[in-house]
Amino acid sequence: MANEFQAVLRELGGKRVLGRALASDRDMREAIREGFPHAVLEELMRASELTLKELADALDLSPRSLQRRRRGRLARFESDRLYRMARLLALARENLGDGPRASRWFKRTNRALGGVAPIAAIDTELGARQVENLLGRIAYGGIS
């Protein structure tokens, strides 16, 4: 990805949603450790065209827990998983194009992933790596 950091930052909503300017991976790491504001969840749902339940399932999080945190910050592990989703979404947009195309790709079953949709595979680190690998193959003209 040409500028992965900036692309992921856009998916997360940037300074407007995160509540502060992030200029480096180090800044992002600290923001993840502190926990993202709940607005990041809303932004990622909008960007990915997923419902709260779909996003929670994809990240192996409880929708109920995410709803309860509307006023506070998300936990570190929740923020880390949201970052992972934003990174994969940014990669999909780069390789498949902006707009709904990347979102549709995430929801469709894929033979290269054993017949599951990419969104269903990213609930684990291994699954996320498989989706990333698949997007890399798409980027370089491989069969996917």
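Given the structure is predicted, the values throughout are model-derived calculations rather than measurements. As a basis for the values below, the full set of heavy atoms in this structure was taken, side chains included, without hydrogen atoms, waters or symmetry mates.
- Q130 contributes atom CD, which lies 10.5 Å from atom CG of N110 (distance to the nearest 0.5 angstrom).
- Residues F106 and L96 fail the side-chain proximity criterion, which asks for heavy atoms closer than 4.5 Å.
- One distance of note links NZ of K107 with OG of S48; it measures 7.5 Å at 0.5 Å rounding.
- When side chains are defined from C-beta on, S79 does not count as touching V40, because their heavy atoms never get closer than 4.5 Å.
- To the nearest 0.5 Å, atom CG of residue L50 and atom CG of residue L89 are 8.0 Å apart.
- Between R87 and E132 there is a side-chain heavy-atom pair separated by less than 4.5 Å.
- Between I32 atom CD1 and D25 atom CG the span is 9.0 Å, to the nearest 0.5 Å.
- Annotation: the span from Y83 atom OH to L59 atom CG amounts to 14.0 Å, rounded to 0.5 Å.
- Salt-bridge check for K53 with D57: passed, with a basic side-chain N closer than 4.0 Å to an acidic carboxylate O.
- For A121 against V116, the heavy-atom pair with the smallest separation is CB-CG2, 4.3 Å.
- Side-chain atoms of L12 and L22, non-hydrogen and from C-beta on, never get closer than 4.5 Å to each other.
- Using a 4.5 Å heavy-atom threshold, the side chains of L18 and L9 count as touching.
- Residue pairs meeting the salt bridge (charged side-chain N to carboxylate O under 4.0 Å, His left out) criterion with at least one partner in residues 6-21, sequence neighbours excluded, are E11-R93, R16-E43, R20-E34.
- Shown here for A56 and S62, the closest heavy-atom pair between the two residues is CB-C, 4.3 Å.
- For the pair R104/R101, a side-chain contact is recorded, criterion being any heavy-atom separation below 4.5 Å from C-beta on.
- Residues D123 and R81 are not in side-chain contact: their nearest non-hydrogen atoms beyond the backbone lie 4.5 Å or more apart.
- N95 places a side-chain N or O within 3.5 Å of a backbone atom of L135 that can act as its donor or acceptor partner.
- The neighbour count for R129 CZ, taken as heavy atoms of other residues, nucleotides or ligands under 6.0 Å away, does not exceed 12.
- Between the side chain of R84 and the backbone N or O of I122, at least one donor-acceptor pair lies under 3.5 Å.
- Note that CE of M45 and CG of L41 are 5.5 Å apart. Values are rounded to the nearest 0.5 Å.
- No side-chain heavy atom of F36 sits less than 4.5 Å from a side-chain heavy atom of V17.
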